[in-house]
Structure formats: structure tokens, C-alpha cells
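Quick notes on the structure that follows.
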Amino acid sequence: MKNIAKTCFVTAVLFALVGMGWGIQMSATHDHTLSPAHGHLNLLGFVAMAVYGSYYAVSPEAGQSRLAQFHYALAVLSVIVLVPGIVLAITGSGETLAKVGSVFSVLSMVLFGLVVLKFRLGGQESTAT
Ligand code: HEM
């Protein structure tokens, strides 16, 4: 992935557009039943993804690492699994997908933590213990 910061921002915009469209649909129909799923899509898909993009923009060496690619992939996967999982849970169709998505979300945040610990802000791999 050549520019992971830009990829994160583009992904964030796409999730936001879907999330906002969903919000408008909820407002128009006065049916807020699925608002927790909408909230998670916007917060994990847009806000968190934009935070990741900002971090990788100021730490380009971190962004070039394989760990960052795994982190990005898992962060996207967690949104794609968790949000429909919340919809299924709310509508009484089972909680398995929501549970799997939750685990993916936690793991993606752990990966982000590892990236942050491994690289200094601004660049070089950390040599500090
Ligand atoms: C076009 C833009 C948006 C519209 C029309 C919209 C609409 C809505 C509506 C109708 C609700 C349900 C409110 C309720 O039942 O009390 C809601 C809840 C929520 N929205 Fe949005 N929203 C938009 C964008 C966003 C964005 C950008 C975020 C986050 C960055 C966000 C986060 C949330 C959260 C956290 C909730 C509460 C979920 C819950 O309590 O279960 N929304 N939104």
C-alpha cells in the first residue's frame, strides 16, 4: 500500500457517506431502531479511521510497515463485520456476528497500539525499551 494515510482518509469518507445517508434515512422515517449500528459505523468507520490516517500522515515510516497494513485491513474488516452484526443483534437475528466484529475491533486497536509503540512520532522505529 503506497500511501496508507490517504487510504485511511478515503475509507473514512466512504464510511461517513454511508453512515450519514443512513442517518438521513432514520430521520426521514422517524425509525431510530438501528441508531447504535449507525453510531458505530460513523465512530469506528469515520472517526477512528480518520485518526489512523492522521497518525500515519505524521509517521510515514510507521505507515510503510507491514504491521500498519495488517492494522488497516483488520480495522476495515471489523467495521464491515461489526455494523451488520449490531443490526442482526438489534433485530433479534443472532449475536454471533456482533461478537466476532467486537473481537476484530479490539484486535485492530491492539495492532494500532503496537504500531504506535514501535515507531516514533514522525518516523524512525523506536529503539527505546
Ligand atoms: C447526515 C448526518 C447524520 C444524520 C442525519 C444522523 C442522524 C442520526 C439519528 C436520527 C440518530 C438517532 C437519534 C436518537 O434516536 O436519539 C443518530 C444517532 C447517533 N449518531 Fe448520527 N447522524 C448523522 C451523522 C453522524 C456522525 C457523523 C456521527 C459520528 C461521527 C454520528 C453518530 C451518532 C451516534 C453516536 C448516535 C447515537 C447512537 C445510539 O445512541 O444508539 N452520526 N444519528
Side-chain angles (χ1 to χ4, degrees):
M1 208 172 294
K2 212 172 165 200
N3 190 340
I4 197 168
K6 184 167 181 176
T7 305
C8 285
F9 283 126
V10 170
T11 307
V13 168
L14 292 175
F15 281 140
L17 289 174
V18 176
M20 288 173 165
W22 195 349
I24 290 169
Q25 182 269 339
M26 286 194 302
S27 302
T29 59
H30 303 288
D31 181 356
H32 300 177
T33 313
L34 298 179
S35 70
H38 152 89
H40 282 78
L41 173 59
N42 279 316
L43 292 171
L44 288 175
F46 171 60
V47 180
M49 192 60 70
V51 170
Y52 300 149
S54 302
Y55 168 76
Y56 289 127
V58 297
S59 303
E61 287 194 36
Q64 283 159 15
S65 67
R66 189 157 286 260
L67 203 54
Q69 293 186 3
F70 280 131
H71 163 242
Y72 168 78
L74 196 55
V76 172
L77 185 67
S78 69
V79 175
I80 290 172
V81 173
L82 179 62
V83 172
I86 294 173
V87 171
L88 292 181
I90 291 172
T91 55
S93 305
E95 297 179 355
T96 307
L97 208 61
K99 288 175 182 168
V100 173
S102 306
V103 172
F104 285 170
S105 293
V106 172
L107 289 179
S108 74
M109 192 55 76
V110 169
L111 275 185
F112 183 57
L114 291 176
V115 174
V116 170
L117 288 175
K118 189 169 182 202
F119 294 90
R120 288 184 197 280
L121 266 187
Q124 292 95 7
E125 196 164 347
S126 174
T127 51
T129 52

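All values derive from a computational prediction rather than experimental measurement. In each ligand, atom 1 is the first atom listed, and ligand 1 is the first ligand listed.
- Using a 4.5 Å cut-off on side-chain heavy atoms (C-beta onward), Asn42 and Phe15 make no contact.
- Taking the six-membered ring for Trp and the full ring otherwise, Tyr55 and Phe112 have centroids separated by under 6.0 Å.
- Side-chain contact between Thr96 and Leu88 is absent, with no heavy atoms from C-beta onward closer than 4.5 Å.
- Within His38, the N/O/S atom positioned nearest atom 21 (Fe) of ligand 1 carries the name NE2.
- Phe119 is not listed as a side-chain neighbour of Ser59, based on a closest heavy-atom distance of 4.5 Å or more.
- Across every non-hydrogen atom of Met49 and Ala75, the tightest pair is CE-CB, 4.0 Å.
- Atom 31 (C) of ligand 1 has its nearest heavy-atom neighbour, among Leu43, Asn42, Ile86, in Asn42.
- Polar contact check, Ser27 against ligand 1: no nitrogen or oxygen pair lies under 3.5 Å apart.
- Of all the atoms in ligand 1, the ones that sit under 4.0 Å from a non-hydrogen atom of Gly39 are 33 (C), 34 (C), 35 (C).
- Atom 39 (C) of ligand 1 has Ser35 OG, 3.6 Å as its closest protein atom, hydrogens excluded (heavy atom only).
- Applying the 4.0 Å criterion to heavy atoms of Pro36 picks out, from ligand 1, the atoms 41 (O).
- For Phe70, the CZ atom sits in a loose shell: 12 or fewer heavy atoms of surrounding residues, nucleotides or ligands are nearer than 6.0 Å.
- Within a 4.0 Å radius of atom 37 (C) of ligand 1, the protein contributes no non-hydrogen atoms.
- The protein heavy-atom contact nearest to atom 11 (C) of ligand 1 is Met26 CE, 3.6 Å.
- For atom 13 (C) of ligand 1, the choice among Gln25, His32, Met20, His40 with the nearest heavy atom turns out to be His32.
- By the criterion of a heavy-atom distance under 4.0 Å, both the backbone and the side chain of Ile24 are placed next to ligand 1.
- In this structure, the side chain of Ser65 engages the main chain of Ala68 through a donor-acceptor pair within 3.5 Å.
- Across the listed options Leu34, Asp31, Thr29, Val47, Val47 owns the non-hydrogen atom lying nearest to atom 30 (C) of ligand 1.
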(request) Walk me through it: do Tyr72 and Thr11 pass the test side-chain hydrogen bond (donor to acceptor under 3.5 Å, both in side chains)? (result) CA-CA 10 Å; Tyr72 168 78; Thr11 307; 2.6 Å; yes
